[in-house]
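Written out below as structure tokens is the structure these notes cover.
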Protein chains: 2
Amino acid sequence: MFEKIPKPVARRLAIYYRVLKEQSKNGAETISSSSLGRMLDLKPSQIRKDLSYFGGFGKRGTGYNVIDLMKSIEKILGIDKRWNVLIIGAGKIGRALANYPGLIQDGFTIKGIVDVSEKKIGKTIDEHLTIEDVAEMEKIIRERKIEIGVLCVPSDVAQKVLNSVIQYGIKGIVNFVPKRLKAPKDVMIEDVQISLSFKALSFRMVNSER
Amino acid sequence: MFEKIPKPVARRLAIYYRVLKEQSKNGAETISSSSLGRMLDLKPSQIRKDLSYFGGFGKRGTGYNVIDLMKSIEKILGIDKRWNVLIIGAGKIGRALANYPGLIQDGFTIKGIVDVSEKKIGKTIDEHLTIEDVAEMEKIIRERKIEIGVLCVPSDVAQKVLNSVIQYGIKGIVNFVPKRLKAPKDVMIEDVQISLSFKALSFRMVNSER
DNA sequence: TAGATTGTTAATCGATTAACAATC
DNA sequence: TAGATTGTTAATCGATTAACAATC
């Protein structure tokens, strides 16, 4: 029924979305695949193909209506609704994400942040989120209808913590832990591995003559 | 002369490196592509192929010597030396990275963090890094021989800041700004786009039936 | 109608994988 | 020698791109 969608497409849609949002603020009414391509250094045909997996959003001769396409991509990406998010681990990264405006703006609501450390529990982040006890996690997940967990715990406990949150019903994980985690296939994991990006950069800097 | 190396290889090497480091701590002496593959959910042939771009590191019948392979990958990735890093922008993300242990351990030395805000300049992060004035950036980059800049500034000034640091001689950028930045091709940019990962997760959660 | 731009097909390019001879 | 595992080739798979008819 559906044509298979290449993996890189989702991320590119999110990139198109970002540009469209910006363009709509600037008052642009329409945009063509070639102008979008120029802004993003992508081939126009790739943009058209990416969109074509989900429908025909453009008008021949004119291009795409900025607002309409933005709304359509919002639906495709599932950010036309808000997702309830729990941050697990109040270390540096966890706390930095707690009020990350990029997330809050685009459909993600941080409903809580938990940690094990006595010292951290009870502390407030930017006057509106209080670090809670990880022991309360099950209750928090169920009562606040948490759908996405952001894993920012030490590597050695990551798999254990993941197993718990999955038991409590979470279906999506953004994983900041530098470790391959196992989960049932109905649980989606997206890895954000900052230190891999640094190493990839190092590699490119060292091997750039090739 | 050299066979072209597929883009995903650098990141996988960094992943192999992580596992090898772990394994060497556990006292493992050798590892085979199939056991590594099992741990990482990768095909053994992919691992062997990835390594083969850079040499023959294994011994037939036995596998790879853990320490030797680790050292070899360190060289390939360019993390056998230390890189001097400047964090540009002392917002949440910038400050979180300032003492990120994952970086410090694996070859990256944070030599400074700068910001424009009067309020932030002079403040100390974790008792060992002081936020400096972005006006000092040129001096800092030249004197401390900064090679890598970590861009954590607001989107609207990102390209301008990037242009400056490139002028000051920086050759590598880890970009946390959600924007496509332009740079001469001898300057390497690695994008870390956290909000794209959240959107990609949302996409997968919504479209998982497909 | 003429010009612009889409949506889609088919060709190309790039990455992964299976298979197996080489060899420890 | 027999068993294990590499390094490498060739086949397969997946993603991108060019090309163009359709159509606004």
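Proteins come first, then strands; the chains are lettered A, B, ... in the order of their sequence lines, and each starts at number 1.
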query: Which nucleotide sits closest to the side chain of Tyr64(A): dT17(D), dT6(C), dT8(D)?
result: dT6(C)
- prompt: Within the pair Ser33(A) and dT6(C), is there a side-chain N or O less than 4.0 Å away from OP1 or OP2?
  reply: yes
message: Please pick, from dG7(D), dA19(D), dC24(D), the nucleotide with the shortest atom-to-atom distance to any side-chain atom of Ser52(B).
response: dG7(D)
Base-paired stems in DNA chain D, each at least three Watson-Crick or G-U pairs under 3.5 Å: C:3-24 with D:3-24
message: If you compare all heavy atoms of Pro178(A) against all heavy atoms of Gln193(A), which two are closest, and at what distance to 0.1 Å?
response: CA-OE1, 3.4 Å
Under 3.5 Å, side-chain donor or acceptor atoms of residues 140-156 of chain B against the rest of the protein: list the pairs with distances, not counting sequence neighbours.
| unit_1 | atom_1 | unit_2 | atom_2 | d |
| --- | --- | --- | --- | --- |
| Arg142(B) | NE | Glu138(B) | OE2 | 3.1 |
| Arg142(B) | NH1 | Tyr168(B) | O | 3.4 |
| Arg142(B) | NH2 | Glu138(B) | OE2 | 2.8 |
| Arg144(B) | NH1 | Lys111(B) | O | 2.9 |
| Arg144(B) | NH1 | Glu132(B) | OE2 | 2.9 |
| Arg144(B) | NH2 | Glu132(B) | OE1 | 2.8 |
| Arg144(B) | NH2 | Glu132(B) | OE2 | 3.3 |
| Glu147(B) | OE1 | Asn84(B) | N | 2.9 |
| Glu147(B) | OE2 | Lys81(B) | NZ | 2.7 |

task: Report the distance from atom CG of Leu51(B) to atom P of dT8(D), rounded to the nearest whole Å.
output: 11 Å
Restricting both atoms to N or O, compile the protein contacts to nucleotides 21-23 of chain C shorter than 3.5 Å, with distance only.
| unit_1 | atom_1 | unit_2 | atom_2 | d |
| --- | --- | --- | --- | --- |
| dA22(C) | N3 | Arg60(B) | NH1 | 2.6 |

- request: For Ser45(A), answer base if it contacts any base atom (sugar-phosphate contacts may also be present), sugar-phosphate if it contacts only those atoms, and nothing otherwise; contact means non-hydrogen atoms under 4.0 Å.
  value: base
- prompt: Quick one: side chain to side chain contact (heavy atoms under 4.5 Å, CB included) partners of Asn65(B), sequence neighbours excluded?
  reply: Ile67(B), Asp68(B)
message: Given Leu42(B), which partner from the list Arg38(B), Gln46(B), Met39(B) fulfils the side-chain contact (heavy atoms from CB on, under 4.5 Å) test?
response: Gln46(B)
statement: What one should report as the nearest heavy-atom pair of Trp83(A) and Met205(B) is CZ3-CE, 3.5 Å
statement: Sorted by chain and residue number, the side chain to side chain contact (heavy atoms under 4.5 Å, CB included) partners of Asp106(A) (sequence neighbours excluded) come out as Tyr17(A), Lys21(A), Lys199(B)
- prompt: With the threshold set at 4.0 Å, does a side-chain nitrogen-carboxylate oxygen contact exist between Asp126(A) and Arg95(A)?
  reply: no
- request: Verify ring-ring contact (aromatic ring centres under 6.0 Å, His included) between Phe57(B) and Tyr64(B), making sure each step is shown before the conclusion.
  value: CA-CA 6 Å; Phe57(B) 302 108; Tyr64(B) 302 87; 7.6 Å; no
message: Under 4.0 Å, counting only non-hydrogen atoms across every strand here, what does Ser32(A) touch: a base, just sugar-phosphate, or nothing?
response: sugar-phosphate
query: Would you say dT6(D) has OP1 or OP2 under 4.0 Å from some side-chain N or O of Arg48(B)?
result: yes
field: Side-chain H-bond candidate by donor/acceptor type, Ser195(B) with Arg18(A), under 3.5 Å
entry: no
Asp50(A)/Arg12(A) ion pair, N-O < 4.0 Å: yes
Closest to side chain of Lys43(A), choosing from dT6(D), dT8(C), dT17(D): dT17(D)
List, with names and distances, any nitrogen or oxygen atoms from the protein found under 3.5 Å away from nitrogen or oxygen atoms belonging to nucleotides 9-15 of chain C.
| unit_1 | atom_1 | unit_2 | atom_2 | d |
| --- | --- | --- | --- | --- |
| dA15(C) | OP1 | Lys7(B) | N | 3.2 |

field: Integer-rounded Å distance: dG3(D) C1' and Lys59(B) NZ
entry: 16 Å
